[in-house]
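Here's the structure, in structure tokens; my notes come after.
Predicted model, so just to flag it, every value in this text is computed and none were measured.
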Amino acid sequence: MQSPTPDAPAQDIPSPHDATDPFTLFGQWLAAAEAAEINDANAMAIATADTDGLPDVRMVLLKGFDADGFVFYTNTQSRKGTELRDNMQAAGVLHWKSLRRQVRFRGPVEPTTAAEADAYFASRRRDSRLGAWASRQSRPLASRAELEEAVAREAARFPDDVPRPPHWSGYRIRPLSVEFWSDRPFRLHDRLVFTRDKPEGDWNTTRLYP
């Protein structure tokens, strides 16, 4: 990364003594990103690993967070879904270029409740809900036409309400660590990490060398 420009926003990270809850600080940073980023301030990379330990990473959208963790939704039969089925652990990172900030976290993963998944699915646009039925995510596709035909079939099958597919749901990453990173000149960046031994544990805070 380059050093901050003169008009870059302030990148203050609280001291470890003043920071007690990563989710409060994350909410403040996300709100700033939503006001500054042109597209998808909630875009985040999610890393999982297969049974051989080979990592995989892709971009998804953060769809919620609270004291229990960070939530995203997906086709559970996708590659990420099958990797999570076998290894319920993941890591995530959100990078906000205009603010020169990033947050990364990792920990065990648990499914959201059916009620949570239903509520979020119902909030999606109709075409997105149809796509969740039509897409055999991560599996070979012969042509774009084949996908469009599948969407048309689902539209005919669900002329009114489009229910949530049984293979589509959410995951919550319950972090054991959350790190806040802020750009500083000459790569002397600020780093503050929250850690705990278990998802129900108390947080400890430490400032890290760049």
Side-chain angles (χ1 to χ4, degrees), residues 30 33-66 68-98 102-175:
L30 180 61
E34 289 172 340
E37 294 292 336
I38 297 175
N39 294 307
D40 298 330
N42 61 331
M44 65 178 180
I46 291 294
T48 54
D50 63 19
T51 54
D52 293 325
L54 185 65
D56 208 348
V57 66
R58 76 290 288 162
M59 299 301 296
V60 301
L61 294 178
L62 174 70
K63 287 300 181 179
F65 75 95
D66 55 24
D68 291 325
F70 301 93
V71 175
F72 67 97
Y73 294 89
T74 189
N75 184 320
T76 61
Q77 297 173 347
S78 65
R79 181 170 296 174
K80 76 177 81 63
T82 56
E83 289 174 350
L84 286 171
R85 179 195 63 202
D86 297 329
N87 178 15
M88 290 289 277
Q89 301 180 98
V93 61
L94 293 93
H95 173 68
W96 298 303
K97 185 175 180 65
S98 63
Q102 76 174 24
V103 178
R104 60 179 183 146
F105 48 86
R106 62 177 182 164
V109 177
E110 65 182 23
T112 62
T113 65
E116 287 176 295
D118 286 342
Y120 173 66
F121 191 79
S123 74
R124 304 179 85 204
R125 295 170 62 93
R126 173 178 169 80
D127 287 349
S128 295
R129 285 180 280 157
L130 291 172
W133 281 97
S135 175
R136 302 177 69 244
Q137 191 173 340
S138 300
R139 282 160 284 186
L141 175 65
S143 67
R144 183 74 186 180
E146 180 180 317
L147 176 60
E148 292 171 351
E149 289 168 2
V151 172
R153 285 196 302 271
E154 299 303 336
R157 190 158 71 102
F158 298 113
D160 299 311
D161 184 48
V162 183
R164 177 174 64 91
H167 56 267
W168 192 97
S169 193
Y171 296 96
R172 176 176 285 103
I173 302 176
R174 306 199 64 194

Ignoring hydrogens and geometry, is there a side-chain-to-backbone donor-acceptor pair from [X] to [Y] under 3.5 Å?
X: Asn42; Y: Leu62; value: yes
X: Arg174; Y: Gly107; value: no
X: Thr76; Y: His167; value: yes
X: Trp133; Y: Pro163; value: yes

For residues [X] and [Y], report the shortest heavy-atom separation together with the two atoms involved.
X: Val57; Y: Ala45; value: CG2-CB, 3.9 Å
X: Leu61; Y: Ala43; value: CD2-CA, 3.9 Å
X: Trp168; Y: Ala117; value: CZ3-O, 4.1 Å
X: Leu147; Y: Ala134; value: CD1-O, 4.4 Å
X: Met88; Y: Pro111; value: CE-CD, 3.8 Å
X: Arg124; Y: Ala132; value: NH1-CB, 4.0 Å

(message) Quick one, Lys80 with Val60, criterion side chain to side chain contact (heavy atoms under 4.5 Å, CB included). Give me CA distance, side-chain angles, the key distance, then yes/no.
(response) CA-CA 11 Å; Lys80 76 177 81 63; Val60 301; 3.9 Å; yes
Give a yes or no on whether [X] atom [atom1] has more than 12 heavy-atom contacts from other residues, nucleotides or ligands under 6.0 Å away.
X: Asp56; atom1: CG; result: yes
X: Arg106; atom1: CZ; result: no
X: Arg139; atom1: CZ; result: yes

So, taking the atom named [atom1] in [X] and the one named [atom2] in [Y], what distance separates them when rounded to the nearest 0.5 Å?
X: Gln77; Y: Arg136; atom1: CD; atom2: CZ; result: 8.5 Å
X: Arg172; Y: Glu110; atom1: CZ; atom2: CD; result: 6.0 Å
X: Thr112; Y: Asp68; atom1: OG1; atom2: CG; result: 12.0 Å
X: Phe105; Y: Ile46; atom1: CZ; atom2: CD1; result: 5.0 Å
X: Glu37; Y: Leu30; atom1: CD; atom2: CG; result: 10.5 Å
X: Phe65; Y: Leu94; atom1: CZ; atom2: CG; result: 10.0 Å

(request) For residues Gln137 and Thr74, determine if any side-chain heavy atom of one lies less than 4.5 Å from a side-chain heavy atom of the other. (result)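 A side-chain contact under 4.5 Å exists here.
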(message) Is any side-chain heavy atom of Ser169 closer than 4.5 Å to one of Arg164?
(response) yes
(request) Walk me through it: do Glu116 and Tyr73 pass the test side chain to side chain contact (heavy atoms under 4.5 Å, CB included)? (result) CA-CA 10 Å; Glu116 287 176 295; Tyr73 294 89; 4.1 Å; yes
(message) With salt bridge (Lys or Arg N to Asp or Glu O under 4.0 Å) as the rule and sequence neighbours excluded, what pairs involving residues 149-160 come up?
(response) Glu154-Arg157
(message) Could you check whether Arg79 pairs with Asp50 (Lys NZ or Arg NE/NH1/NH2 to Asp/Glu carboxylate O, under 4.0 Å)?
(response)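 Between Asp50 and Arg79 there is no salt bridge, as every charged N stays at least 4.0 Å from the carboxylate O atoms.
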